[in-house]
Amino acid sequence: MSPGRQQARTVEEHAAAVLARVAPLPADDVALAALAVAEPGRVLGADVRAVAHVPPFDGAAMDGYAVRLADLPPGGATVTLPVVGDARPGSPAGDRQEGEGAGGAVRIMTGAPVPAWADSVVPVERTSTERFVAGAPTTEGEVTLARQQRTHVRHRGEDVRPGDLLARAGDEVTPALVAVAASAGLGSLPVRRRPRVAVLSTGSELVPAGDDPGAGRIPDSNSLLLAGLVRAAGADVERVGAVPDDADGLRRALDLAVGAPAGDAAGRADLVVTTGGVSAGASDVVRAVLAAPDARLRDVELAAVALRPGRPQALARWQGVPWVALPGSPVSAFVSFALFVRPALAVLASRAPARPVRRRVASAWPSPPGRVHVVPVRTLPSGEVERAVSPAGAGLRAGGPRPAVGGHAASALLGADALALVPADAEKVEAGDEVDVLPLGGAT
Ligand SMILES: Nc1nc2c(c(=O)[nH]1)N[C@H]1C(S)=C(S)[C@@H](COP(=O)(O)OP(=O)(O)OC[C@H]3O[C@@H](n4cnc5c(N)ncnc54)[C@H](O)[C@@H]3O)O[C@H]1N2
Ligand code: MOO
């Protein structure tokens, strides 16, 4: 289609068009220590299998004496055995001759290898010694003990064996997986690179947050919003900030945003997300850049999506990097991120995307038909949802009892934990209706 014409689309069609532009990133081996300390939430690029036995040897599960069951009388009668040695954690069981000490008792601490001839550990509190004194030399020459019900030996490989599946491709790396992988002989895991996302907002009215805006200007909130949402979705963010409505300025900012020159994958963005400038205005700079031929620009799609808020959308590639252009109104940008960008980040990272769930509505709200109406909601303790308002109720001021609606009324997001997706043909939402709700997973 010609880049000047908007294509009418459903939400699903536009989401599919975004996903068609991204693919899972490659996986690299990353050291377990780095995953534990600095890289939470990475996703596996391949199945993970154990390479070693856990436990790696037969070891004591109790502090006590390692003995041979055959040397203890059945029926609970006691026997006195000579103490023939010590086995401490970290000392190899193999440093004694095979069979050396057999018929005696070896003082053994939890985690130490059990001598090859022994098959049972009697806890110290069940013996004549009663207790070991930490740090003190152990000198007793003999010990009186009896056969126990349990052997208190952890057997080699009883938990994990080489080749056992520990986690599947697509699973998130958790602290427990890092720990179990370490025990099972691995030093690293194959994880997908985190997506790198460049975000920038467009608009000559924008000033950096905290600056005095002056007449007719407003603080740039979208580049902060997008940066935070990208981070919350587990990707790395490069925030370029706000760019005025000047086509050449936007082209330069896009060059900066995509990063290193084509061909140098390291440091290059995987996705560029912009806000603003996609509707029909004379100063809509994204539209202007998308309409003019440029060797850096490819695969332009302008879409009018049946979505409220968030109708005007655009897609392209800049220097080969997928570019998702969202509308500028803050709630429109938020909703568009949840519906179109977050799923793309899930594909890049090889994660399962967030799926809508069905929720009952606690109290009615109006819903203009014609487009999918996305409503910030909060979940009540009962599991029902109600329309979100800001903590101060500020959104309620505009039209009496009804919250202010539309792409500009962002304060309702402060009270939201999910987005209700009301179908395009619904004229109202009544208490007791069930609606699809997309959980925000803490990312608002
Ligand atoms: N004639 C038409 N006008 C508009 C249409 C249309 O179809 N025909 N669509 C409307 C809809 S729907 C939306 S949504 C907006 C989206 O327009 P743009 O993407 O071009 O966004 P802007 O015009 O740049 O900004 C819209 C609004 O949001 C404020 N804004 C923009 N960027 C930021 C930012 N970084 N931080 C805070 N606020 C921002 C901006 O000042 C405007 O108030 O177009 C409608 N118009
Ligand atoms: O669709 Mo606009 O995104 O109404 O606010």
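The shown structure was predicted, so the numbers you read here are calculated from the model rather than taken from an experiment. Note that ligands are numbered from 1 as they come in the structure, with each ligand's atoms numbered from 1 the same way.
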*Going from CG on L44 to CG on L177, what distance comes out if it is rounded to the nearest 0.5 angstrom?*
6.0 Å
*asked:* Nearest 0.5 Å, please: how far is CG in L166 from CG in D164?
replied: 7.0 Å
Flag [X] as yes when one of its N or O atoms lies below 3.5 Å from any N or O atom of ligand 2, and as no otherwise.
| X | result |
| --- | --- |
| S332 | yes |
| R371 | yes |
| G310 | yes |

Flag [X] as yes when one of its N or O atoms lies below 3.5 Å from any N or O atom of ligand 1, and as no otherwise.
| X | result |
| --- | --- |
| D220 | yes |
| S332 | no |
| V278 | yes |
| D284 | yes |
| G328 | yes |
| G277 | yes |

*Give the atoms of ligand 2, by number and element, whose distance to some non-hydrogen atom of R311 is under 4.0 Å.*
1 (O), 3 (O)
_Below 4.0 Å from ligand 1: does a non-hydrogen atom of P312 turn up there or not?_
yes
Side chain, backbone, both or neither: [X] near ligand 1, heavy atoms under 4.0 Å:
| X | answer |
| --- | --- |
| R287 | neither |
| S279 | both |
| P219 | backbone |
| V286 | neither |

Checking side-chain polar atoms at under 3.5 Å, does [X] have a donor or acceptor matched by the opposite partner on [Y]?
| X | Y | answer |
| --- | --- | --- |
| N222 | S201 | no |
| Q148 | R150 | no |
| R156 | H53 | yes |
| W318 | D294 | no |
| Q313 | S336 | yes |

*Below 4.5 Å, heavy atoms only, C-beta onward: do V106 and P115 meet side chain to side chain?*
yes
*What is the minimum heavy-atom distance between E205 and G216, and which atoms define it?*
CB-O, 4.0 Å
*asked:* If we ignore hydrogens and angles and just use 3.5 Å, is the side chain of D436 paired with the main-chain N or O of R358 as donor and acceptor?
replied: no
